[in-house]
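These numbers come from the heavy atoms of this one structure, side chains and all, not from hydrogens, waters or symmetry mates.
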Amino acid sequence: MIDLKFIRSNPDEVRAAIRNKNEKADLDALLELDETRRGLQFEFDQFKSRQNQVSQTIAKLKREGGDASALLEEMGSVAEKIKAVNGRLTEINAELEARLLTIPNLPEASVPVGRDESSNILVKTWGEQPSFAFTPLDHLELAEKNALLDMPRGAKISGSGFPVYTGFGARLERAVINFMLEFHLQRHGYSELGVPLIVNRKTMTGTGQLPKLETDMYHVDEDDLFLIPTAEVPVTNIHAGEVLSLAQLPLKYVAYTPCFRREAGSYGKDTRGLQRLHQFNKVEMVRFVEPQSSWEALEEMLRDAEDILQALGLHYRVVQLCTGDLSFASAKTYDIEVWAPGTGKYLEVSSVSNFVDFQARRANIRYRDASGKMAFVHTLNGSGVATPRLMIALLETYQRQDGSLELPPILLRQMDRPL
RNA sequence: GGAGAGGUGACCGAGCUGGCUGAAGGUGCACGCCUGCUAAGCGUGUGUAGGUCAAAAGCCUACCGAGGGUUCGAAUCCCUCCCUCUCCGCCA
């Protein structure tokens, strides 16, 4: 969330952010609540101060055997007033908090303003679109020829969008995951985390999925728990409510998890094969850093994600998201889109974001800076990367004319280790 | 799921027959003193958030797992919930 004091003194800036991010949040209502709350808080403090003072006098009188009945009577009415004010204050605070949670993060100053992805900026491209002496097949046709996927059976046991990987396909996907994990561990200095896939409401609020995206997530009603849409959620919240020491920063975590997304409202869009799924696997990088180094960390993480695609020899491009395409919690985001020659499209395989102190405020993740002062850390995360679309690019890029595959040796090595 | 024990500051640990207790004592940490070196010793300090203030100091308010309640007054009494530990049951 955004610092309430900042909102109070820079309402226009916040209003612009809400507009540019295509969010709808009522800032005026929030400011009014804030005003009311401050008044009530002042009143409460006054009464409380009086009560504390007199209570001590009563204590002293009683100890010395004096008569406190007059004071007790006065305090009776003060106690009533306190109760009344406190009741209202509790109400207002809850409402204020709820409203505050609907205010999106501010885009970083250099982020281009735009309504949708058409205003995104192409930052760079790596490699070239591979050329084929034949018409390349798409991944679904290749999966069929090589018996890598069974989408109908996935649909039978769960529903559409739940893939079943078969035989070599299953092994390949697992190899891809392991390859990425080991790459980040060995070359990029992350440490691995294995985390819960089902988390509570507080955790979902901490990273900013709630309240906005409630209907996009799978929910276990009986326990009020949510299936994670990304490892960002459990990993970032690992340190919720903690005060980190300067010595342990920066923290760099990598975790592999399945991800679950209802994809409500996107039916019929990019649904062929593995393009858009309800369940998929992803390797995610998360960093906790000191504020002054978060922008540098963002560029580093982008390179960490790019390294995976480069090691696999896949052509891709990097796009910077405009304000309208930026997520609720992000201040700046790069997307990496890998080229899928059979599908004929660039597919998003990674999203790398700096949330600055937005998530840290929500999840209350702080650290003591060099001068010993409490401050919020900055959090970042980036996919490193998501497997389904990476699988698409791999299959489609490394196909032969006869429909067989010639995959990068670095991947095949992951599954050919003898026991 | 059943029975019991417990959740206090960076940590350990008192308080829990309600009233100068934001919280004894210890450890740790910081600064200073002392000291051939080390170790020990001595002294001082050591929370977060909000408000007031131009700012600092000072002052006020809140916080002893979370939320309610009783009371003039709650870390202390009552209720609900969460978490941890032990035992039993069940189960991968």
Side-chain angles (χ1 to χ4, degrees), chain A residues 1-9 30-101 194-206 210 220-226 234 237-249 251 258 288 291 357-358 360-377:
Chain A
M1 66 180 97
I2 301 183
D3 186 7
L4 195 51
K5 278 191 227 160
F6 180 88
I7 298 178
R8 212 180 283 145
S9 45
L30 183 129
L31 290 169
E32 203 182 309
L33 279 167
D34 177 45
E35 199 60 36
T36 308
R37 196 212 69 202
R38 273 143 53 89
L40 285 169
Q41 183 69 50
F42 181 76
E43 226 179 304
F44 177 82
D45 286 357
Q46 295 295 304
F47 282 133
K48 227 13 194 164
S49 176
R50 172 75 183 144
Q51 185 183 64
N52 288 342
Q53 210 178 338
V54 176
S55 282
Q56 292 194 11
T57 310
I58 291 172
K60 194 190 272 177
L61 272 175
K62 290 210 163 179
R63 220 180 300 127
E64 293 164 359
D67 177 26
S69 57
L71 286 175
L72 285 177
E73 197 171 324
E74 187 208 336
M75 283 303 98
S77 68
V78 171
E80 263 172 53
K81 282 180 197 148
I82 288 175
K83 194 178 266 187
V85 173
N86 191 36
R88 282 208 62 204
L89 197 53
T90 305
E91 248 171 69
I92 299 284
N93 268 329
E95 206 180 322
L96 183 66
E97 174 78 7
R99 291 226 178 247
L100 198 52
L101 289 174
V195 292
L197 309 179
I198 303 179
V199 301
N200 59 33
R201 194 167 276 279
K202 190 175 178 188
T203 298
M204 278 298 179
T205 307
L210 288 179
V220 183
D221 289 339
E222 185 143 12
D223 304 295
D224 194 25
L225 296 171
F226 297 86
N237 280 284
I238 281 276
H239 294 298
E242 295 183 13
V243 179
L244 304 170
S245 71
L246 194 57
Q248 56 188 310
L249 297 179
L251 284 165
F288 299 77
D357 61 357
F358 188 80
R361 278 180 197 283
R362 290 187 158 228
N364 194 26
I365 308 167
R366 297 177 295 175
Y367 79 110
R368 228 170 256 288
D369 69 18
S371 67
K373 274 225 279 293
M374 261 325 173
F376 289 105
V377 299

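Remark: the separation of the C1' atoms in B:rA5 and B:rU17 is 22 Å, to the nearest Å. Between B:rC82 and B:rC63, the distance separating the two P atoms is 23 Å to the nearest Å. Taking the C1' atom of each, B:rA75 and B:rG65 are spaced 12 Å apart, rounded to whole Å. Here the separation of B:rA3 from B:rC79, taken at their P atoms, is 15 Å to the nearest Å. When the C1' atom is compared between B:rA92 and B:rG4, the two are found 27 Å apart, to the nearest whole Å. Rounded to the nearest Å, the gap between the C1' atom of B:rC72 and that of B:rC64 is 22 Å. As rounded to the nearest Å, B:rU71 and B:rG18 have C1' atoms that lie 9 Å from one another. Annotation: B:rC77 and B:rG15 have their C1' atoms spaced 15 Å apart (nearest Å).
The A:M75 side chain lies nearest to B:rC72 when the options are B:rC72, B:rU61, B:rG19. Candidate nucleotides B:rU48, B:rU61, B:rU70 were compared by shortest atom distance to the side chain of A:K83, and B:rU70 ranks first. Of all nucleotides listed (B:rG19, B:rA62, B:rU48), B:rA62 comes nearest to the side chain of A:F44. Set against B:rC72, B:rG68, B:rU61, the side chain of A:Q51 has B:rC72 as its closest nucleotide. Listed candidates were B:rA49, B:rG19, B:rG47. Nearest to the side chain of A:R366 is B:rA49. The listed nucleotides are B:rU61, B:rG19, B:rG51; the one nearest the side chain of A:R8 is B:rG51. Relative to the side chain of A:A79, the nucleotides B:rC72, B:rA49, B:rU61 differ in distance, and B:rC72 lies closest. Closest approach to the A:R38 side chain among B:rA62, B:rU48, B:rG51 is made by B:rG51 (side chain taken as heavy atoms from C-beta onward). Closest approach to the A:K48 side chain among B:rC72, B:rG68, B:rU61 is made by B:rU61 (side chain taken as heavy atoms from C-beta onward).
Counting any heavy atom pair closer than 4.0 Å across all strands shown, A:L72 reaches a base atom. A:R50 comes within contact range of no nucleotide atom at all, as no heavy-atom separation falls under 4.0 Å.
Residues A:Q56 and A:F42 each lie close to RNA chain B; by heavy-atom proximity, the contact nearer the 5' end of the strand is made by A:Q56. Between A:N86 and A:K60, it is A:K60 whose nearest contact on RNA chain B lies nearer the 5' terminus.
With no hydrogens or angles considered, no side-chain donor-acceptor pair links A:N52 and A:S55 at under 3.5 Å.
For B:rU61, one of the phosphate oxygens OP1 or OP2 lies less than 4.0 angstrom from a side-chain nitrogen or oxygen of A:N52. Contact between the side-chain N/O atoms of A:K62 and the OP1/OP2 oxygens of B:rG73 is not found at any separation under 4.0 Å.
The partner of B:rA92, taking Watson-Crick or G-U wobble pairs whose two distances both stay under 3.5 Å, does not exist in any strand shown. Taking a pair to require two hydrogen-bonding distances under 3.5 Å in either a Watson-Crick or a G-U wobble arrangement, B:rU84 pairs with B:rA5. Base pairing of B:rG73 is not made with any nucleotide, judged by Watson-Crick or G-U wobble geometry with both donor-acceptor distances under 3.5 Å. Nucleotide B:rC33: paired with B:rG41 (Watson-Crick or G-U wobble, both distances less than 3.5 Å). Nucleotide B:rG58 is matched to B:rU52 when pairs are restricted to Watson-Crick or G-U wobble geometry with both distances under 3.5 angstrom. Pair assignment for B:rU17 gives none, since no Watson-Crick or G-U wobble pairing has each distance under 3.5 Å. Pair check for B:rG28 finds B:rU46; Watson-Crick or G-U wobble, both atom distances under 3.5 Å.
At a threshold of 4.5 Å between non-hydrogen side-chain atoms, the residues A:L100 and A:I7 count as touching.
Of the residues A:E242, A:K373, A:R361, A:M374, the one that meets the side chain to side chain contact (heavy atoms under 4.5 Å, CB included) test with A:R366 is A:M374.
As rounded to whole Å, 13 Å separates atom C1' of B:rA49 from atom CZ of A:R361.
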